[in-house]
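Structure, as structure tokens:
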Amino acid sequence: MDSSSNVFTLISPTLPPALAASIIIIAALFFSPGGLAWALSRKRSTIPGPTGILLALSGSAAHVSLAALARSFDAIRLMAFSVGLTRFIVSSQPETAKEILSSSAFADRPIKESAYELLFHRAMGFAPFGEYWRNLRRISSTYLFSPKRVSSFEKQRSEIGEGMVCEIKRMMERNGVVEVKRMLHFGSLNNVMLSVFGKKYDFGKAEGLELESLVKEGYELLGVFNWGDHFPLLGWLDLQGVRRRCRALAARVNVFVGKIIDEHRRKNHGVRIDEVEGGDFVDLLLGLEEKEKLSDSDMVAVLWEMIFRGTDTVAILLEWTLARMVLHPDMQAKAQAEIDSVIDSSRPVSDSDIQHLPYLQSIVKETLRMHPPGPLLSWARLAIHDVNVGDHLIPAGTTAMVNMWAITHDEAIWSEANKFNPDRFIDEDVNILGSDLRLAPFGSGRRVCPGKTMALATTHLWLAQLLKSFKWVPSENGVDLFGNLKMSLEMKNPLTPSLVMDSSSNVFTLISPTLPPALAASIIIIAALFFSPGGLAWALSRKRSTIPGPTGNLLALSGSAAHVSLAALARSFDAIRLMAFSVGLTRFIVSSQPETAKEILSSSAFADRPIKESAYELLFHRAMGFAPFGEYWRNLRRISSTYLFSPKRVSSFEKQRSEIGEGMVCEIKRMMERNGVVEVKRMLHFGSLNNVMLSVFGKKYDFGKAEGLELESLVKEGYELLGVFNWGDHFPLLGWLDLQGVRRRCRALAARVNVFVGKIIDEHRRKNHGVRIDEVEGGDFVDLLLGLEEKEKLSDSDMVAVLWEMIFRGTDTVAILLEWTLARMVLHPDMQAKAQAEIDSVIDSSRPVSDSDIQHLPYLQSIVKETLRMHPPGPLLSWARLAIHDVNVGDHLIPAGTTAMVNMWAITHDEAIWSEANKFNPDRFIDEDVNILGSDLRLAPFGSGRRVCPGKTMALATTHLWLAQLLKSFKWVPSKNGVDLSGNLKMSLEMKNPLVCVAIPRN
């Protein structure tokens, strides 16, 4: 490559023919099942659903619209649809709902821009699944919403309830009617403020007015349908002003809540949590132990969320309940008779009375069934990795929803579902706290509402107080039961005259093929976005990049020296620490600095790896390298560390490694006799492949016969497909077209692999029927997997994936490393001689090399380390990680779905880290013993963190042994063609021109 040439290229404004052709068919994609976003996905939807871009979610009755759509498409169980570029699935069936909400794949919630800007990404409801969220959940269950804490607030709840009774009397005296919504809102808000901040507010004075203003503005912003959440260009423009208003509100919230935290800190300085008696939530958070303690900004987020989650949920539920009591005076009278029979008129209602009021509890349950406060949107979950729901594959990044309203109004689940009938819960005691998905208004699974018991205690007590004190009758305007879905399902007209809805009108609308004016305007400015920092994909992201990097679409990754190109770019943009760039619609960051690399690779936010189409189609999404982070992946890691790559297992393969090494020595002699030169790559490839096959399948192959030829054909085709740069991974339309034929070839290869590996598994199963893992002695990997205990056992298809991956990860990594090492020995005869002298001093010529000799060969080990530094097998792409949720790296926000890479080649060639970085010098590792197994990010060729290579000790043991055998047996000198150290990055960093040299026997 001409060093003066640009190391990156920008796509010109003129679209490539293939991309232009793709855009031509967008109309057809627009009307694909599931809509546009599903059509643009690499994993096409097999789920029924409407075409186009669904506008139902922007309406005030989205839950009703989606229920009607699900029925019309016969998609009650699961329906797919699109809103802009966002993929959705929605279930209206309890069993599928449970499958979604209990799955670790849906542990996160999608966070829209308003929630993010208003700090909720650091609070319980929206914080991404991980250690921080688990800490919040522990705090909530142990302190904030423990049974003792809920009970301690009884007096406060009762006093506020009695206060509302007095306020109702005043309203009746003044106006003759009760403004129920206003009365419940302020009562509920003050109840929350007493619990959270320990004080009540006068909403006619400055501080109370500011609080009410904050809450009102927040509710409006969180409830608004923001088109920018689904059309990235519109989000960037912020045409609705959501971002601007949210940031202004967040600044005011920080001041208001921050001031209260400071007041509490001064009052309770040094008080521990076990010394807090009857305190509010701020006292509890400030008294946490050091390991649980939250920062002030996180406390603001947590407390701010509680105001929202605890205020209008209770107020709205009570308003619906009272509306039903007005409409059903017989039920109201029955509830009041029950209250009178339990509670004497001379004493107030208490929490202990509620257990004796089953009909009142049934009224609340029936109201929750008929008018669930969060019928749809509060149930949303985000797929953090690809996952199956039933028979359907759900791609990572899909938003999954449960339509609780549809479930609670389904005649197949509830008899007379549209009739208000509390008696149904007298006949059957339905648990509403999350275990029964027929009615789970507070959610289910990991994201169940932590304050559910507090909410129910408050609702039951206040309802009993209000029914005990008053008979509720309609005003002259009657009662309107139409709902209006904002942040919660509110009454459209709060106990005031109704507006008649035409029942014949459509409940949903599709965008016509004519684009909305705002979207058309957005497309006009695409050229400007194209040249935004970080490139097109970052410009389309709602979270704009603050990271330096090139504009446009970077084509460096498609080249054979991507690691070199990105290193040069990082230097030119002064972005060694972190650089942002785009390839098609894929956002990337890359670090060329050890400290930032460690921050990325050790973060739970980067626990997943991005999986390109070829890897997915070739089964790797079910193997150790690419399986999404979760229980299945943890099981694979346990199996790897405990059985497959344990020290005992690595040691048990020594004899096999030694025999294959000696076989390569004999093969080299034959090559020299035949040709006068050694084809090093070919010799190492077949030796390494047979070593892996013995470890994995327990047999060697003759690569001149049918079975060996088929194996070699499978491996060769797989390497080619995994190494090819597939444009469809980054341009979804191209992926759908499969112009490079990657999907077609992968599926054909996967079918052959299943037959080949499946046959071997069946042979082993017949041979070892009933043998347990503790009875397997010296067996291969298939024997070990078949002998696993039931709880660890893998399906046959998963075993195929795991074994198939091992062939790839274990074969050419060792072969390529040894080829680079021998090339360096040819180029540096003095170092070769020094290594051979070390070998001769330790190993007598009459005996073979053994694993136990390696510890006495420090220079040989240093040669391997220096080769790994100069020519890391996976310099870039094997380090890729995927952000499974929004996360900060240093001062920069990295959005979920961003691919993060570490440029290990750039780190190992950085003069600021390594003296004479471009000079091959094994002695540097004699002077300093650098750990290369993942703890020192200056040189970590096998990775680091959760995704470190599980077979690293096996790879090093094999490399050291074979290198010692080859150097002991031969003097390696150049052929007439010399040695070319140019690299070619495919699946690994190979030599561009394979090493061909002369091997002279030393004895």
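- Inter-residue side-chain proximity for L239 and W227 is flagged as unmet; no heavy-atom pair is nearer than 4.5 Å.
- Side-chain atoms of T546 and L893, non-hydrogen and from C-beta on, never get closer than 4.5 Å to each other.
- Taking R745 as the reference, E717, E720 meet the side-chain hydrogen bond (donor to acceptor under 3.5 Å, both in side chains) condition, with sequence neighbours excluded.
- Checking side-chain atoms of E599 against main-chain N and O of G890 turns up a donor-acceptor pair under 3.5 Å.
- Put simply, the side chain of L437 does not reach to within 4.5 Å of the side chain of E95, judged on heavy atoms.
- In this structure, G49 and F73 approach most closely via the heavy-atom pair O-CE2, 3.4 Å.
- With sequence neighbours left out, the side-chain contact (heavy atoms from CB on, under 4.5 Å) criterion links T899 to T586, F588, P610, A880, L882, M901.
- Here E490 pairs with K181 under the side-chain hydrogen bond (donor to acceptor under 3.5 Å, both in side chains) rule; sequence neighbours left out.
- Interatomic distance, C746 SG to L722 CG, rounded to the nearest 0.5 Å: 7.0 Å.
- Under the 4.5 Å side-chain criterion, counting only non-hydrogen atoms from C-beta, V724 is not in contact with S614.
- How far CZ of F581 is from CG of L569: 8.5 Å, rounded to the nearest 0.5 Å.
- Among the candidates I589, V590, N903, the single residue satisfying the side chain to side chain contact (heavy atoms under 4.5 Å, CB included) test with M579 is V590.
- Side-chain atoms of R609 never come within 3.5 Å of backbone atoms of A627 as a donor-acceptor pair (strictly under, hydrogens ignored).
- Listed by chain and residue number, S104, A107, F129, W133, R137 satisfy the side-chain contact (heavy atoms from CB on, under 4.5 Å) test with R446 (two or more places apart in sequence, or in another chain).
- Counting all heavy atoms, side chain and backbone alike, I407 lies closest to A97 at CD1-CB, 4.4 Å.
- Partner P628 forms a side chain to side chain contact (heavy atoms under 4.5 Å, CB included) with one of D608, I884, V387 and no other, that one being D608.
- A donor-acceptor pair is defined here as one N or O able to donate and one able to accept, closer than 3.5 Å; such a pair exists between the side chain of Y132 and the backbone of R122.
- Shortest non-hydrogen contact noted between W538 and A580 is NE1-CB, 3.6 Å.
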- Message: Could you go through S488 and D312, starting from their C-alpha distance and side-chain angles, then the distance that decides it, and tell me whether this counts as side chain to side chain contact (heavy atoms under 4.5 Å, CB included)?
- Response: CA-CA 8 Å; S488 299; D312 272 19; 5.6 Å; no
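- Residues satisfying the side-chain hydrogen bond (donor to acceptor under 3.5 Å, both in side chains) test with R747, not counting sequence neighbours, are E617.
- Interatomic distance, N726 CG to Q740 CD, rounded to the nearest 0.5 Å: 4.5 Å.
- For the pair V242 and D229, the minimum side-chain heavy-atom distance is 4.5 Å or more.
- Counting only distance, with no hydrogens or angles, the side chain of E305 and the backbone of G125 share a donor-acceptor pair below 3.5 Å.
- From F626, atom CZ reaches atom CG of L618 across 10.5 Å, with rounding to the nearest 0.5 Å.
- Across all non-hydrogen atoms, the minimal contact from H385 to A105 is CE1-CB, 3.4 Å.
- When all heavy atoms of H121 and Y116 are compared, the closest pair comes out as ND1-O, 3.3 Å.
- A 4.5 Å side-chain heavy-atom check between P373 and L489 finds every atom pair outside the cut-off.
- In this structure, S582 contributes its side chain and R587 its backbone to no donor-acceptor pair below 3.5 Å.
- Ring-centre distance between H730 and F725: below the 6.0 Å cut-off.
- When every heavy atom of A900 is checked against every heavy atom of I600, the shortest pair comes out as CB-CG2, 4.0 Å.
- Atom CZ of R881 sits about 11.0 Å away from atom OG of S603, to the nearest 0.5 Å.
- Rounded to the nearest 0.5 Å, atoms CD1 (I547) and CD1 (I894) are 3.5 Å apart.
- In this structure, L578 and H892 have side chains that are in contact, with non-hydrogen atoms separated by less than 4.5 Å.
- Here H63 pairs with W405 under the ring-ring contact (aromatic ring centres under 6.0 Å, His included) rule; sequence neighbours left out.
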